[in-house]
Number of protein chains: 2
Amino acid sequence: MITLTEENYIKTIYQLGRYGTLTVSTNSIAEVLETKASSVTDMVKKLAEKGYANYKRYQGVSLTSKGKKIAADVVRKHRLWEVFLVEKLNFTWDEVHDIAEQLEHIKSEKLINELDKLLDYPTHDPHGDPIPDKFGDIKKTDKILLFNLSESSTGVCVGVKDTSSSFLKYLDKHQIALGSKILVVSREDFDDSMVIEINGSVKMSISQTVANNLFVKEEANT
Amino acid sequence: MITLTEENYIKTIYQLGRYGTLTVSTNSIAEVLETKASSVTDMVKKLAEKGYANYKRYQGVSLTSKGKKIAADVVRKHRLWEVFLVEKLNFTWDEVHDIAEQLEHIKSEKLINELDKLLDYPTHDPHGDPIPDKFGDIKKTDKILLFNLSESSTGVCVGVKDTSSSFLKYLDKHQIALGSKILVVSREDFDDSMVIEINGSVKMSISQTVANNLFVKEEANT
DNA sequence: ATACAAATTTAGATTAATCTAAAAATAGTT
DNA sequence: AACTATTTTTAGATTAATCTAAATTTGTAT
Ligand SMILES: [Mn+2]
Ligand SMILES: [Mn+2]
Ligand SMILES: [Mn+2]
Ligand SMILES: [Mn+2]
């Protein structure tokens with residue numbers, strides 16, 4: 001039996017450690033979960049005892065394969081529910097995260113498999129993040145940050161790094177959505193801002209911050 | 001802020017007290033929630049402090065209007081989710097209750113209103129229980145137990161009292177569903193069993209237990 | 001090699017929810 | 001009215017998850 005709190009810690013270790021590949025520090029977990037480092041220490045000890053994590057004092061934590069499976073399951077549920085909220089219940093992409101934080105802990109294998117079927121087996125959530133399959137495997141794409149796209153190159157917007165409501169609403173306002181085609185018209189060395197053209201029509205200037213939070217898939221150069 | 005546990009106690013008080021009309025005993029709550037009476041005493045004190053319940057030592061508990069609203073909301077969510085599971089995710093009526101026990105605690109007004117819309121504003125859950133509207137009001141029907149239907153009277157099955165999986169599967173097996181027309185062919189004084197005819201065709205004998213757990217709406221006598 | 005700052009862990013306390021065992025109140029019966 | 005069985009409450013302890021403050025370890029810089 002695993003508690004909701006344990007699931008949240010495991011998920012955080014998974015995501016901070018790049019889908020379970022790296023070792024993660026106590027402080028970084030505390031920051032994400034908005035708890036104190038001492039609480040994290042207690043919890044990772046428990047996770048290690050239960051076989052979900054590898055932990056040596058002062059050396060950080062990583063997930064066991066058992067822990068990775070739990071984490072992938074929770075992330076799968078989170079992202080499938082987000083798709084459901086957008087596709088079936090008229091939510092916008094900036095409204096779904098907090099509700100998915102609750103729904104990701106509902107326990108029923110049939111529920112999640114039927115939801116997957118209802119949504120026609122989506123591979124990505126509304127923010128472009130990949131949905132692990134029922135074995136916990138993730139199809140990883142070769143997306144890069146818009147910031148790393150060179151002048152006069154083109155990319156298709158495939159995801160966001162910052163999923164905060166304010167950033168998502170900014171994108172909505174400027175008609176940038178997943179699937180939008182983005183051409184880097186020019187770059188400004190002075191402040192690292194860039195001028196982009198969206199879907200071959202609207203031109204606008206974006207800050208470094210924006211460019212560093214938008215994932216694109218680079219298009220083959222003509 | 002209200003906890004999941006508090007919600008479950010409030011819901012139990014609501015249901016034991018006939019949708020909040022009666023005062024409820026400590027022991028009866030303990031029995032439903034499978035806890036000890038001493039735990040119930042502690043919790044009802046807390047509920048009273050928080051303004052959800054009226055409580056005087058040794059005199060039982062009832063809900064305040066604030067408590068009733070919470071309870072109706074939780075019951076509304078529980079029953080809407082049950083409809084969702086059956087209508088959209090291919091669950092059978094004997095599979096939905098435990099999952100709805102989890103889903104009923106998800107907090108989002110928009111979520112539940114959109115779910116209501118998606119399901120086309122259902123008035124009853126898959127077991128025939130009424131779904132409170134968003135104001136907490138319940139449309140109550142004049143259903144009676146099949147056991148109280150007299151010989152040669154006819155009723156339409158509109159609900160079940162026992163919602164256990166074993167009873168629901170028994171009904172499935174014998175083709176009794178919500179909407180089935182049931183004629184009381186004869187009654188046996190000896191063991192209170194009765195012979196019924198379902199939808200004008202199949203005849204079968206049912207025990208007192210079955211008759212006491214099926215709600216019907218009596219049809220006007222010809 | 002030492003000193004220091006940052007990260008991490010330990011010790012001890014708190015809160016929510018639960019339990020057992022004992023005490024108190026209530027209700028039914030003579 | 002007194003006795004008794006049942007119900008309910010109190011007292012004290014436990015577990016999960018958290019916190020603060022103090023102690024320890026690590027890593028970096030002189
Ligand atoms: Mn999310
Ligand atoms: Mn979560
Ligand atoms: Mn139910
Ligand atoms: Mn519940």
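Throughout, protein chains are lettered first and strands after them, A, B, ... in sequence-line order, and every chain is numbered starting at 1.
Note: CE (A/M43) to P (D/dT15) measures 16 Å, nearest angstrom. The distance from atom NZ of B/K45 to atom P of D/dT9 is 8 Å, rounded to the nearest whole Å. When the P atom of D/dT7 is taken as reference, atom CD1 of B/I29 falls 14 Å away, rounded to whole Å. Atom P of nucleotide D/dT9 and atom NZ of B/K56 are separated by 13 Å, given to the nearest angstrom. At whole-Å resolution of the value, CD1 in A/I2 and P in D/dA16 are 14 Å apart. As rounded to whole Å, 11 Å separates atom P of C/dT8 from atom CD of A/E31. Whole-Å rounding puts the B/M1 CE to C/dT15 P distance at 15 Å.
The residue from B/K77, B/R76, B/K11 that alone fulfils the salt bridge (Lys or Arg N to Asp or Glu O under 4.0 Å) condition with B/E104 is B/K11.
Under a 4.0 Å N-O distance rule, the pair A/K107/A/E7 qualifies as a salt bridge. Taking a cutoff of 4.0 Å between a charged side-chain nitrogen and a carboxylate oxygen, B/E82 and B/R79 do not qualify as a salt bridge. Electrostatic pairing of A/K69 and A/D73 counts as a salt bridge here, judged by a charged N lying under 4.0 Å from a carboxylate O.
Contact between the side-chain N/O atoms of A/Y58 and the OP1/OP2 oxygens of C/dT10 is not found at any separation under 4.0 Å. A/R57 has no side-chain polar atom (N or O) that falls below the 4.0 Å cut-off from OP1 or OP2 of D/dT24. Taking only side-chain nitrogens and oxygens, B/N27 comes nearer than 4.0 Å to OP1 or OP2 of D/dT8.
When each of D/dT8, D/dT26, C/dC19 is scored by its nearest atom to the side-chain atoms of A/Q59, the top-ranked nucleotide is D/dT26.
Between B/T41 and A/K36, the residue anchored closer to the 5' end of DNA chain D is B/T41, taking for each the nucleotide with the nearest heavy atom. Taking the nucleotide of DNA chain D with the nearest heavy atom to each of B/T26 and A/D42, the more 5' of the two is matched to B/T26.
Under 3.5 Å, the side chain of B/S38 and the base of C/dT20 form at least one donor-acceptor pair of N or O atoms.
For DNA chain D, the neighbouring residues in residues 7-17 of chain A, judged by any heavy atom under 4.0 Å, are A/Y9.
Among the heavy atoms of the strands lying under 4.0 Å from B/T5 are primed sugar atoms or P, OP1, OP2 only; no base atom is included. Using a 4.0 Å heavy-atom cutoff across all strands shown, A/S39 reaches at least one base atom of the nucleic acid.
Residue pairs satisfying the ring-ring contact (aromatic ring centres under 6.0 Å, His included) criterion with at least one member in residues 97-117 of chain B, sequence neighbours excluded, are listed as follows: B/H78-B/H97.
A donor atom on one side chain and an acceptor atom on the other are found under 3.5 Å apart for B/D191 and B/S193.
Between A/F147 and A/F215, the gap from one ring centroid to the other reaches at least 6.0 Å.
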